[in-house]
Number of protein chains: 2
Amino acid sequence: MSHARPTLTDVARAAGVSVSTASLAFSASGPIADSTRAKVLDAATELGYGGPNPAGRQLRSGRYDIVGVVIGDKLKRSFRDPVSVQVLDGLTSALGEADLGVLLVPGVESYVDGEIGVDPLLTSAGMDVAVLIWGAHTSDPRVETLRKRGIPIVVGEGNEVEGSSLVEIDDHGGVVATIEHLTGLGHERFVTITLPFRMGRREGWVDDARRELVDWTPTRHRLDAVLGSGVDLVGIYETEASLVENGAAAMRAILERFPDPATRPTAVVAQSDLLAAGAVLALHEAGLRVPEDMSVAGFDGLDLPWFSGELTTVIQPLEAKGREMGLAVRALLADGTVTRTTMPVELRIGTTTGPPPSAAAPRNS
Amino acid sequence: MSHARPTLTDVARAAGVSVSTASLAFSASGPIADSTRAKVLDAATELGYGGPNPAGRQLRSGRYDIVGVVIGDKLKRSFRDPVSVQVLDGLTSALGEADLGVLLVPGVESYVDGEIGVDPLLTSAGMDVAVLIWGAHTSDPRVETLRKRGIPIVVGEGNEVEGSSLVEIDDHGGVVATIEHLTGLGHERFVTITLPFRMGRREGWVDDARRELVDWTPTRHRLDAVLGSGVDLVGIYETEASLVENGAAAMRAILERFPDPATRPTAVVAQSDLLAAGAVLALHEAGLRVPEDMSVAGFDGLDLPWFSGELTTVIQPLEAKGREMGLAVRALLADGTVTRTTMPVELRIGTTTGPPPSAAAPRNS
DNA sequence: GAGGCCCCTCGAAACGTTTCGAGAGGCCTC
DNA sequence: GAGGCCTCTCGAAACGTTTCGAGGGGCCTC
């Protein structure tokens, strides 16, 4: 008796009220006299009652007040990436304001032979809405699972998924602005360093066949913007992860492939700031100057306190994007409103881009 | 009818079996003939049944299969800090392996006049165990709340909380090894840059009164190790957050307070790698060399790809610590076993520490 | 003083599942 | 051929809460 955890019924009995009244005292959702509430709360304290049992509440009300947040393929990668972290940050604060909890869900359990296993949490955990932070297509097995469970979805950076809310940024516009800035400076030969293409990651130069396999939306959008701009793109280097070391490795590969300064690409468009920063580091390592020998532009607008100089980059409102997703969740929860938002970006011109070397020191000198 | 979501009862009826048998087909926890299971599963697919309702399951079984992870005072800070991120990473993978979900819980809702408000999620969300990643004391209101709810606790880096599992690292040993390394090199005048002291954050030099107010366990352990080592500690600089910029600001304050190279401290013990890295950057900024003009040691063993050289630091097994917490959770869940673990650390001597300037260039030269 | 209205409290009915012990039926063994 | 055991299925009983409509009582107004 003293061992079993007290229930609302016990509290009600001790307070001398009905169970329904006791419930009201906690939920604050119905009319109740202050004196009655106090009586109930006192009885609760007396008995060591820790508040209504969530399971009971959830079952009866049909609400969990929990949002499942599906992050990249590995928790590790998502947490390491400041971009995801900032989005997550905006998202959690917007959800927290509505007293919604965030349940972390790994994206996929396994990736074997192209077969994607859905994480058990996605199939069994209680949640009112699911947020797919990084992309989804209609054929996505995760979408399939959620749809079957009747859980509404908010997608970040994905293809349009029927009946789901979508929040994305103007990737295309950002990259186009970058390219225009660079061509305006006189650049003619470009290389681009891309984010991972798809779940089956690899690192290296991209050929035509591989180019068709871009599956991850931001990668595709940003690559398409370069391809569509008509500039002379002499190479596409695909990375395994958006990290400094990957950017550095990419730059080393670029320098190795184009040893001759005369024919070397003069501008590098990296799809993320960390990749760009890594590229700059590798250039310095090789004794080259930025932007005198090569211009490097990034994407994200991260604040890199350790980076000397300032990256030319596309500032995307990461935290605001997260918040926007949170608002989309709340709209879905409030009245089922499906929304679609595109966040604007802004080109910031830093110290890592400048005129190409041929312009600064003409070939005939 | 076709509108309402089907329940297990509907599936059972459609499959021509009892509800309990249908339940067995999903839970895989009882004996059931393969043919029967197939029949149930087919009926489920037919009806578009997405699996057992979590609320029902939770209510009946009393298990949520969810672990509440309480992070620092602000989600933002935790996510920005690679240290937390790595711990979180290890924790989530260890929990994921047991199919336990991670519910993110902001530590406190508010901090006003020393009054700590507990986040509503802590009082109302369903969870089997709570993990306090960064510290707790017995009088902690969060501990109070959880105890009342009967939720077992795993604490990382905290005071011992009665009846809770604890996972910590050997802070003291790490700092002592650092100090010994530095005194061995001939250093005599030390400064230490500390992590935040407590929830009410401030930045600046620490006087005796403030020194009493250290509330955060790693900060206290590491500071006590310096104080107890008997070296000449000429200043304690407290930071507001463990970030590169805070370390740089601290170093600027140090250089300002000790303008004379002859009396300046020659060794800086920073309580984190980011602080140490920031300190090194600020030294370079001021035209000083590391370690020739000043030695800097950190703590954490982070991998900083952008840092030129290698930090002398104490390597703590962050991810392993997270995993260890996950194991503690599982032990608690399995049979209520309360554990207490101290993880070992290891001093790594890098390129940021060396003999003090007086030794390299004696005063009488 | 009576009628009406508002504020508060109450009882009953779900919400959908798992668990438990009982029991039916089939097969093996002696 | 009968007994026993094993495998599988079943029915009933919770699990603890919220919600809904009904209704009781007090106070204000006329």
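Throughout, protein chains are lettered first and strands after them, A, B, ... in sequence-line order, and every chain is numbered starting at 1.
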Completion exercise
Here the distance between atom P of C:dC8 and atom CG of A:Asp34, to the nearest Å, is 8 Å
Exercise for the section: For B:Arg57 and D:dT17, give me the distance from atom CZ to atom P, rounded to whole Å. Expected result: 19 Å
Exercise for the section: Please confirm whether B:Tyr49 and B:Phe26 have ring centers closer than 6.0 angstrom. Expected result: yes
Problem - Intermediate values then yes/no, side-chain hydrogen bond (donor to acceptor under 3.5 Å, both in side chains), B:Ser20 and B:Ser23 - result: CA-CA 5 Å; B:Ser20 48; B:Ser23 173; over 6 Å; no
Practice task
Using whole Å, report how far CZ of A:Arg13 lies from P of C:dC10.
Solution key: 14 Å
Exercise for the section: Taking only the side-chain nitrogens and oxygens of B:Tyr49, find out if one of them lies under 4.0 Å from OP1 or OP2 of C:dT17. Expected result: yes
Problem - Rounded distance in Å - CG (B:Leu24) to C1' (D:dC8) - result: 9 Å
Exercise for the section: Using a heavy-atom cut-off of under 4.0 Å over every strand shown, decide if B:Pro31 touches base, sugar-phosphate, or nothing. Expected result: base
Handout entry: Interatomic distance where CG belongs to A:Asp65 and P belongs to D:dT18 [whole Å]
Key = 11 Å
Handout entry: Rounded distance in Å - CD1 (B:Ile32) to C1' (C:dT18)
Key = 14 Å
Problem - A:Ser23 side chain near D:dT17 phosphate (N/O to OP1/OP2, under 4.0 Å) - result: no
Exercise for the section: Examine distances only and state if a side-chain atom of B:Ser165 and a backbone atom of B:Thr339 form a donor-acceptor pair shorter than 3.5 Å. Expected result: yes
Give every pair of a protein N or O atom and an N or O atom of nucleotides 23-26 of chain D that lie under 3.5 Å apart, one pair per line with the distance.
none

Exercise for the section: Let me know the distance between CZ of A:Arg149 and P of C:dG16, rounded to the nearest Å. Expected result: 14 Å
Which protein N or O atoms sit under 3.5 Å from an N or O of nucleotides 11-15 of chain C?
residue	atom	partner	partner atom	Å
C:dG11	N7	A:Ser20	OG	3.1
C:dG11	O6	A:Ser20	OG	3.0
C:dA14	N3	A:Arg60	NH1	3.3
C:dC15	O2	A:Arg60	N	3.4

Handout entry: Rounded distance [0.5 Å steps], CZ in B:Arg63 versus CD in B:Gln58
Key = 11.0 Å
Problem - Whole angstrom value for the distance that separates C1' of D:dT19 from CZ of A:Phe26 - result: 17 Å
Handout entry: Validation row: A:Glu324, A:Leu327 side chains within 4.5 angstrom (heavy atoms)
Key = yes
Practice task
With A:Val102 as reference, evaluate A:Leu91, A:Val69, A:Leu88, A:Val131 under the side-chain contact (heavy atoms from CB on, under 4.5 Å) test and give the passing residue.
Solution key: A:Val69
